[in-house]
Trainee: 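Dropping the structure in here first, questions after.
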Amino acid sequence: MRDDNESVQIDQVIERLIARFPAESPAEIELLVRRIHERFADARVRDFVPLLVEKAARQAVGVSPIEAIGEEPHSAPTMATI
C-alpha cells in the first residue's frame, strides 16, 4: 500500500534525476522512474522504496552510449530495457 508521502518522495526523485541528467528527456526519466516504482508495488516494507527506485533509475539513466549499445563487456541495462 502506497501513501501520499511515498508519492511525494517519488516525485522528488523524478525532479532530482531531471536536474542531474539535463541531456535526457524529462518525460523519459519520469516514465523510467514510474516503471521502476511499479516493480515495488507488492513490497510489504515501504520505507526504502523511494531510495531503491532512485538508485535503480540513476543507474539506468547513467549508462554511457557505448554501454547502451552493448559494446562494453559489462554493459548495464539501458532505459529502453527497464
Trainee: Count I, L, V, M, F, W, Y as connected when their side-chain heavy atoms are under 4.5 Å apart, and connections chain through other members. Are V61 and L52 then in the same cluster?
Mentor: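 Yes, same cluster.
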Trainee: If you round to the nearest 0.5 Å, how far is CZ of F21 from CD1 of I29?
Mentor: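 One gets 7.0 Å once the value is rounded to the nearest 0.5 Å.
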Trainee: Which atoms form the tightest heavy-atom contact between P50 and Q9, and what is the distance?
Mentor: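 The answer is CG-OE1, 2.8 Å.
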Trainee: Looking only at heavy atoms, which two atoms of V33 and A57 are closest? And how far apart?
Mentor: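 Shortest heavy-atom separation between V33 and A57 comes out as CG2-CB, 3.9 Å.
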Trainee: Enter the distance from L17:CG to Q12:CD here, rounded to the nearest 0.5 Å.
Mentor: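 Separation between the atoms: 12.0 Å.
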Trainee: How about R58 and V13: do any of their side-chain heavy atoms sit closer than 4.5 Å?
Mentor: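 When only atoms from C-beta onward are counted, V13 and R58 do not touch, as no gap falls below 4.5 Å.
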Trainee: Tell me, please, which residues at least two apart from R16 pass side-chain hydrogen bond (donor to acceptor under 3.5 Å, both in side chains).
Mentor: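 side-chain hydrogen bond (donor to acceptor under 3.5 Å, both in side chains) check on R16 returns E54.
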Trainee: Would you call R34 and I10 a side-chain contact if the rule is heavy atoms closer than 4.5 Å?
Mentor: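 Of all side-chain heavy-atom pairs linking I10 with R34, at least one is under 4.5 Å.
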Trainee: Looking only at heavy atoms, what is the nearest atom pair of P22 and A19, with distance?
Mentor: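 Shortest heavy-atom contact: CD-O, 3.6 Å.
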Trainee: Atom CG in D4, atom CD in E6: separation rounded to 0.5 Å?
Mentor: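 Output value for this atom pair is 10.5 Å.
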